[in-house]
Amino acid sequence: TGQPVDPGYTDYPEMIAAADAIVAAHPTLASKVIIGQSFLAKNMIAIKISDNVATDENEPEVLFMANIHAREHLTVEMALYLATELTSQYGTDSRITSLVDSREIWIIPMLNPDGAQYDLSGPTYKDQRKNMQPNGTSKIGTDINRNFGYKWGCCGGSSPFKSSDTYRGTAAWSTPEATVVRDWILSRRVGGQQQIKEAIDIHTYGELVMWPFGYTFSSIVPGMTQDQYDTHKAIGTEMAQSNGYWPGQGSGLYITSGDTVDWMWGDQGIFSFTWEMYPKSFDIVTGFYPPASVAPAETTRNRDAALRFLGWADCPFRSIGKEN
Ligand SMILES: NS(=O)(=O)N[C@@H](Cc1ccccc1)C(=O)O
Ligand SMILES: [Ca+2]
Ligand SMILES: [Ca+2]
Ligand SMILES: [Zn+2]
């Protein structure tokens, strides 16, 4: 039997209300952008955080995205913690103030709202990972994190079987959610330049910091030079030292194809990482469903890592002592 749903986790309406409250409390620092709709037509939102937030300024942009996998509810708490901390501490914490003044920070707290709502809808969790697109089997949905169009369906990194939890969909971009994220990220190109310089896709669980590529065990391949790999490794390792997670290339865990990180780096040149939050991988007792009461500890645990990450956004190569 499934574990009882913990009401302490933030569901879709509560997430929207939280975003609206942050914007209402800090109207010059935060704004809510509707980036598209999910399969079941819920608005997908991004919270923008920056000084002069209503103006698209020429400042490096950084993306945090969460809850692409429905059952990974702790990631929503992580995203909302970051949005709250970056606005409420502005003017108080000099590190936060200078980062918010010099960057445009985007936070997408719930990439799979349909799946999240389904997982939280009953007295017990449903163990839902995928989105809510019917696929003719009892295991509804497509894995949005296997539906992106970089090396989609290659290399044994996803499943062609509809009932699989890593079902890749009928084609790349067959999920509305991946398409919404793709089109929004592409909209951040100005004058042929992608304004988003860094991104983190937040997952649970395993306490890991990972970088591309996931589709191959090789580190240096077309689309990843030594300097680019070393930069990912330096930034990823620094974050891991701060939050106590384990750093490594994504494929070190297992091969994935069509995930967000491979596309964001491979197609858009965004220095991209996966965070796997609490608990550690062998803690299968709590696994995807720790009590919501761990959220304060497990979100603040990543505060410094997030600020360090933001610090490299103007020139990620500086992390290996090089310029762009
Ligand atoms: N959240 S997770 O356990 O499903 N892991 C994610 C993220 C992930 C991506 C690349 C390598 C290992 C793990 C997945 O899509 O498999
Ligand atoms: Ca600004
Ligand atoms: Ca900008
Ligand atoms: Zn996940």
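Just follow the structure's listing: the first ligand is 1, and inside any ligand the first atom is 1.
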Is there a donor-acceptor contact under 3.5 Å linking the side chains of His69 and Asn67?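 There is no such pair (donor and acceptor under 3.5 Å, judged by atom type) between the side chains of His69 and Asn67.
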
Worksheet item: Side chains of Gln89 and Arg95: donor-acceptor distance under 3.5 Å anywhere?
Response: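 Judged by distance alone, the side chains do not pair up.
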
Exercise. Keeping waters out of it, list the protein N, O or S atoms under 3.0 Å from the Ca ion (ligand 3).
Key: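 Near the Ca ion (ligand 3), the protein supplies Asp56 OD1, Glu57 O, Glu61 OE2, Glu104 OE1.
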
Are the aromatic ring centres of Phe213 and Tyr215 under 6.0 angstrom apart?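 Yes - the distance between ring centres of Phe213 and Tyr215 falls below the 6.0 Å cut-off.
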
- Query: If you round to the nearest 0.5 Å, how far is CG of Asp304 from OG of Ser242?
  - Reply: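 Here the interatomic distance stands at 3.5 Å.
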
Does Arg71 come within less than 4.0 Å of Asp127, counting only side-chain N to carboxylate O?
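Salt bridge: yes.
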
Problem set entry | Metal proximity, Ser50 vs the Ca ion (ligand 2), N/O/S cut-off 3.0 Å |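 Yes, within the cut-off.
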
*Hydrophobic cluster mates of Met132, side-chain heavy atoms under 4.5 angstrom, ILVMFWY only, any path?*
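Members other than Met132 - counting any ILVMFWY side chain reachable under 4.5 Å - are Phe39, Leu40, Tyr118, Ile140.
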
Can you sort out the partners of His232 under side-chain hydrogen bond (donor to acceptor under 3.5 Å, both in side chains), two or more places apart, ordered by chain and number?
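If we apply the side-chain hydrogen bond (donor to acceptor under 3.5 Å, both in side chains) test to His232, skipping adjacent residues, there are no hits.
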
query = Around the Zn ion (ligand 4), what protein N, O or S atoms are found below 2.8 Å?
reply =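 Within the sphere that stays under 2.8 Å of the Zn ion (ligand 4), the protein atoms of type N, O or S are His69 ND1, Glu72 OE1, Glu72 OE2, His203 ND1.
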
Can you list the steps and then say if Thr87 with Ile49 is a side chain to side chain contact (heavy atoms under 4.5 Å, CB included)?
CA-CA 7 Å; Thr87 50; Ile49 297 167; 4.1 Å; yes

Plane angle bin for Phe64 and Phe309 - parallel if under 30°, tilted between 30 and 60°, otherwise perpendicular
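Phe309 vs Phe64 ring planes: perpendicular.
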
Do you know which of Asp230, Asp227, Thr231 makes side-chain hydrogen bond (donor to acceptor under 3.5 Å, both in side chains) with Lys322?
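The side-chain hydrogen bond (donor to acceptor under 3.5 Å, both in side chains) with Lys322 is passed solely by Asp227 among Asp230, Asp227, Thr231.
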
